[in-house]
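Basis for what follows: all heavy atoms, side chains included, without hydrogens, waters or symmetry-related copies. A, B, ... follow the sequence lines: proteins, then strands. Residue 1 opens every chain.
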There are 2 protein chains.
Amino acid sequence: MARAIDENKLTRIYEAAIYQVVEEGYGGASISSIARKADVAVGYLYRFYPGKHDLINHLLDNSINEIVTELELMLERVISVNEIVVLLVDYFFNMAQHRPHHVKFIYQMLSQSRFSLSEERRSNIRDLSRRVLQLGQDSRAIGPRYSYDEVFILMVMVPMEYINLNLKSFFDDRPLTERDSARVIEIVSVALRG
Amino acid sequence: MARAIDENKLTRIYEAAIYQVVEEGYGGASISSIARKADVAVGYLYRFYPGKHDLINHLLDNSINEIVTELELMLERVISVNEIVVLLVDYFFNMAQHRPHHVKFIYQMLSQSRFSLSEERRSNIRDLSRRVLQLGQDSRAIGPRYSYDEVFILMVMVPMEYINLNLKSFFDDRPLTERDSARVIEIVSVALRG
DNA sequence: AAACAATGAATGAACAGTCATTCATTAATC
DNA sequence: GATTAATGAATGACTGTTCATTCATTGTTT
């Protein structure tokens, strides 16, 4: 063997790429700007991904996979739907506090119609949403009229929406607090009850 | 006067710009691609806007202003909050049917942290949200714990979220129907009641 | 232990193409 | 002929991608 691959460099590239995409958009996040921010040579980015598009797509897929895995863990120690709402909202708020750019990145990518998740990830999301819906309708925590995509919107997109508007300082420039997550939890829970 | 300005060209530019931004992103929506799609010379776009950024920003401001004006009209013939929810959701669903790219454009721009509305527009939105909140709390259509930004999220962002995911064919590829708007109306109304 | 390949991690100049913007020029109307 | 709407070639900066080259580290040979 020659030199060992510096894993640190890879994570620096990931962070830099997400940061640049959030800050400058996909088109504005040039390979050279990502490489500069990650303190890495331009050509190095092509050692792991055949192109810019693949790099960014992989980052999105990874981020979604993180959330999917987290939710799967929650569903294993089967608890109530209300508890899942609490855990999920806390998860997003925690992410907003420690890695705000990651939340922005995920939300931004999901909002744009030209980026789409892999069929595998969408399948994951469908399955999980259906399981939560079933669980909720058995315990009457979710109204009988609900479909699984509505569950996804309320439990995942609404919290991200709330966080994203706050991080944008859309209404005012104040930090997210415990009160915010409590409000989101209540709004989502009430809405789900139907 | 010499030649009259061809207003038709201007609207063609607007349509083309919105289409390209939605389809290719801000960075990918090049001036030349917009001009080509609008069947207009490249230099013509600089007759009305000093640059690309100003053009797109004006389009966003205009689109938001449309919605603001619509909501102001609704609030003049003062009706119940539930009726406002119905009218607003119908407005968005109508837009989704006839100008899907406009809905995508607005939603996409609002989601990205690097684009921000003018202070005037944000002020409009704050005022309207507050008026709806007041109206709703007087008639108990909106729960006592609600704040105006939460009203905005539920009445504006949630319907757009729903529409956007459908237009993306996120879960499945089916057209929006009457049932969808009815569902959104119910979910939002129930959530607001608290 | 010292010298020497061999390996592959990492670099960045070079390439053809595209970008936003400018402005001298042309075309249409008065 | 005067006015101004409209054009699009030209410009310099930057794009994503390639790949010959350099450099650090390993195992092998002396």
[X] [atom1] to [N] [atom2], straight-line distance once rounded to whole Å:
X     : N      : atom1 : atom2 : value
A:Y46 : D:dT17 : OH    : P     : 4 Å
A:F48 : C:dA9  : CZ    : C1'   : 8 Å
A:R36 : C:dT11 : CZ    : P     : 15 Å
B:E24 : C:dA20 : CD    : P     : 12 Å
B:Y44 : C:dT22 : OH    : P     : 18 Å
A:I56 : D:dT15 : CD1   : P     : 14 Å
A:L45 : D:dT18 : CG    : P     : 13 Å
B:I31 : D:dG12 : CD1   : P     : 20 Å

| task | From the options D:dG16, D:dT7, C:dG12, select the nucleotide whose nearest atom is closest to the side chain of A:K52. | result |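 Comparing D:dG16, D:dT7, C:dG12 against the side chain of A:K52, the answer is D:dG16.
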| said: By nearest atom, which of the nucleotides D:dT7, C:dG12, C:dC19 is closest to the B:S32 side chain? | reply: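 The answer is C:dC19.
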| said: Could you check whether any side-chain N or O of B:S33 sits under 3.5 Å from a backbone N or O of B:A29, counting only pairs where one atom can act as donor and the other as acceptor? | reply: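 Flag not set: sc B:S33 to bb B:A29 has no pair under 3.5 Å.
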| When you measure from the side chain of A:N166 to the backbone N and O of A:R174, does any donor-acceptor pair fall under 3.5 Å? |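 Judged by distance alone, yes, a pair lies under 3.5 Å.
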| query | If each of A:A29 and A:R47 is mapped to the nucleotide of DNA chain D with the nearest heavy atom, which maps nearer the 5' terminus, i.e. the 5' end? | reply |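 On the 5' side of the pair lies A:A29.
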| request: Look at B:E83 together with B:R77 and state whether they make a salt bridge at an N to O cut-off of under 4.0 Å. | output: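 Salt bridge between B:E83 and B:R77, a charged N being under 4.0 Å from a carboxylate O: no.
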| said: What contact category does A:G51 fall into here, base, sugar-phosphate, or nothing, at under 4.0 angstrom with non-hydrogen atoms? | reply: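 Result for A:G51 = sugar-phosphate.
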| D:dT15 OP1/OP2 closer than 4.0 Å to side-chain N/O of A:S30 |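 Answer is yes, contact under 4.0 Å.
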| task | Output, in order, the C-alpha distance, side-chain angles, deciding distance and verdict of salt bridge (Lys or Arg N to Asp or Glu O under 4.0 Å) for A:E186 and B:R145. | result | CA-CA 10 Å; A:E186 189 177 327; B:R145 295 171 183 279; 3.7 Å; yes
